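Structure record follows, encoded as structure tokens.
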Amino acid sequence: VLHICGSPTNRYYHDLSLLYASKVIAADGFEGSFLVIDPDQKWYSGKSLDTLAAVHSIADVAEIATASDVGVNHLFCRRGVAAFRAFFEDILRLPLVGSSATVQTIATDKALTKARLAAAGVSVPKGEVVMRHQSVDSIAARVDTYPCIVKPVSEDNSLGLSLVDSAEGLEEALEAGWAYDDRLLIEEYIAGSEIRTCVIESENGELYVPAMIEYGVSLETPIRLSRHKLDTDPNTGRPISQTTSEEVPARCPADLSDSLHREIARQSQASHRALGCRDFSLWDFRVDRETGQPSVIEAGLFWAFGTISMISRMLAADGISLADEAARLWTRAAARKSDT
């Protein structure tokens, strides 16, 4: 199994990728190796992240990939989940665990994801996309409800995300979002709990939803910001670990009623099918405090197969071996090589 890591985009995503890849499980029957790209477009490879050596040409990258049976893509940046995934899987014919580059591209576009899910009958927050060239006044005229959420269409880890309580805070939120993307999504804020789920495909095509995670948002901390997800270096802003903050604690399994659990599981499975996901998928929900209605707010089609990954934590809560499940899904993906 070839673990493809790093980022061609920036040091933030490079370090984030290595943070998760460093915790990847060693599955029985698989010999692991690593292929890393940095923001200077330089490649490195080795049997571990501590023993990397320079790879001198793209031909050498191709040789490493084609000698492998299956790959796990640990790149988080948009180029990594889309263009680089397509390069390895569609051009070099290395099967990668998880959804295709086409599906990953859709999932990194929050507006497109919402449209696909809504068309499939999945509940999503109301919202619309605004563009950098539009004036603040014209955007403000279209926002009829506060508080609202402002976030970049194609960014992750809550970067550029703001909760706006009134029209006075809108311009600042737009500027924060435009630092990351020329397209922003303004959508209704759903006051209530936040739930994370995942969907795992079984060998016979059934979709299994294991234990869910509930994030302890509150009136004081109503949304999860970047600092609630990752600790960063105060000097560089680059991620160094998962958060040590207890502002928004994560509880797994989530304490949900049977009916709410069933509805969130149903919408998770419907979302997986609507996007055309493969092997596994990850979904974030907000549950309206007044109506009890769950709505999907984000898709995240990542799983680093490490001990710190959220899907790994969900499986552990159900008593499922991470090593066994990794081996099963890697074997399943490797079998696709013979189909190409």
Side-chain angles (χ1 to χ4, degrees), residues 7-13 16 39 75-86 99-191 194 222-227 229 237 271 274-276 282-286 295-302:
S7 172
T9 303
N10 58 45
R11 287 290 168 184
Y12 179 93
Y13 279 118
L16 180 63
L75 278 70
F76 288 96
C77 61
R78 191 172 191 188
R79 285 180 65 196
V81 302
F84 276 66
R85 187 178 188 98
S99 297
S100 70
T102 300
V103 172
Q104 294 274 6
T105 300
I106 295 171
T108 60
D109 186 311
K110 294 178 175 60
L112 184 54
T113 297
K114 285 182 60 173
R116 291 287 290 268
L117 298 188
V122 175
S123 177
V124 297
K126 298 175 183 176
E128 63 177 300
V129 174
V130 299
M131 310 291 288
R132 183 188 290 273
H133 69 263
Q134 296 173 264
S135 70
V136 174
D137 289 343
S138 67
I139 293 173
R142 295 160 62 181
V143 181
D144 54 10
T145 303
Y146 291 94
C148 66
I149 295 291
V150 177
K151 57 187 178 183
V153 167
S154 300
E155 198 51 85
D156 198 18
N157 288 299
S158 297
L159 297 174
L161 172 73
S162 299
L163 173 61
V164 184
D165 293 321
S166 65
E168 288 71 28
L170 183 60
E171 183 173 4
E172 182 179 353
L174 292 173
E175 291 298 329
W178 279 323
Y180 295 93
D181 201 335
D182 290 335
R183 299 164 63 228
L184 304 180
L185 184 60
I186 300 180
E187 63 184 19
E188 65 174 325
Y189 165 66
I190 299 175
E194 186 161 327
I223 61 172
R224 295 172 65 222
L225 299 172
S226 292
R227 71 174 187 272
K229 301 177 180 181
S271 298
L275 253 62
L282 192 64
W283 308 94
D284 287 339
F285 286 80
R286 294 286 294 205
S295 298
V296 174
I297 58 171
E298 201 126 327
L301 308 186
F302 304 111

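Residue numbers run from 1 in the order of the sequence given. Source: prediction; values computed, not measured. Values below: all heavy atoms of this structure, side chains included; hydrogens, waters and symmetry mates excluded.
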*asked:* Quick check: closest heavy atoms across Ala111 and Val153, and the distance to 0.1 Å?
replied: N-CG1, 4.1 Å

*With a 4.0 Å cut-off, would you call Lys114 and Glu187 a salt bridge?*
yes

*Enter the distance from Leu170:CG to Asp165:CG here, rounded to the nearest 0.5 Å.*
11.5 Å

*asked:* Using the rule given for side-chain contact (heavy atoms from CB on, under 4.5 Å), can you reason through Tyr146 versus Val164, listing the C-alpha separation, both sets of side-chain angles and the distance that settles it, and then say yes or no?
replied: CA-CA 7 Å; Tyr146 291 94; Val164 184; 3.9 Å; yes

*What is the distance from atom CZ of Phe76 to atom OG1 of Thr9, rounded to the nearest 0.5 Å?*
13.0 Å

*Between Thr108 and Arg78, is a side chain to side chain donor-acceptor pair (under 3.5 Å) present by the stated rule, with each step listed?*
CA-CA 7 Å; Thr108 60; Arg78 191 172 191 188; 3.3 Å; yes

*Is atom CD of Gln134 surrounded by more than 12 heavy atoms (other residues, nucleotides or ligands) closer than 6.0 Å?*
yes

*asked:* If you count heavy atoms of other groups shown closer than 6.0 angstrom to CD of Glu171, is the number above 12?
replied: no

*Report yes or no: does Arg85 contribute a side-chain atom to a donor-acceptor pair with the main-chain N or O of Ser99 at less than 3.5 Å?*
yes

*Looking only at non-hydrogen atoms, find the nearest pair between Ala173 and Val150 and report the distance.*
O-CG1, 4.0 Å

*Under the criterion side-chain contact (heavy atoms from CB on, under 4.5 Å), which of Val122, Leu117, Ile297 is the partner of Trp283?*
Leu117

*Looking only at heavy atoms, which two atoms of Thr113 and Ala299 are closest? And how far apart?*
CG2-CB, 4.1 Å

*Shortest non-hydrogen contact from Ile223 to Ser162?*
CD1-C, 4.4 Å

*Can you tell me how far the SG atom of Cys77 sits from the CZ atom of Phe84, to the nearest 0.5 Å?*
7.0 Å

*Run the numbers on Leu184 and Val129 for side-chain contact (heavy atoms from CB on, under 4.5 Å), then give the verdict.*
CA-CA 6 Å; Leu184 304 180; Val129 174; over 6 Å; no

*asked:* Rounded at 0.5 Å granularity, tell me how far CE in Met131 sits from OG in Ser138.
replied: 12.0 Å

*From Glu155 atom CD to Leu185 atom CG, the distance as rounded to the nearest 0.5 Å*: 13.5 Å

*asked:* When you measure from the side chain of Asn10 to the backbone of Tyr12, do you find a donor-acceptor pair of N or O atoms at a distance under 3.5 Å?
replied: yes

*Over all heavy atoms of both residues, which pair between Cys148 and Ile186 is shortest? Give the atoms and the distance, please.*
SG-CG2, 4.0 Å

*Quick one: does Asp284's side chain have a donor or acceptor within less than 3.5 Å of a partner on Glu298's backbone?*
no

*Give the minimum heavy-atom separation between Ala274 and Ala120, together with the two atoms involved.*
CB-CB, 3.6 Å

*Find the distance between OG (Ser100) and CG (Leu275) and round it off to the nearest 0.5 Å.*
9.5 Å

*Would Arg183 and Asp109 satisfy side-chain contact (heavy atoms from CB on, under 4.5 Å), going step by step from the backbone distance to the final call?*
CA-CA 10 Å; Arg183 299 164 63 228; Asp109 186 311; 3.1 Å; yes

*For Ser158, the option from Lys151, Lys229, Arg224 that meets side chain to side chain donor-acceptor pair (under 3.5 Å)*: Lys229

*Show your reasoning for whether side-chain contact (heavy atoms from CB on, under 4.5 Å) applies to Leu301 and Gln104.*
CA-CA 7 Å; Leu301 308 186; Gln104 294 274 6; 3.6 Å; yes

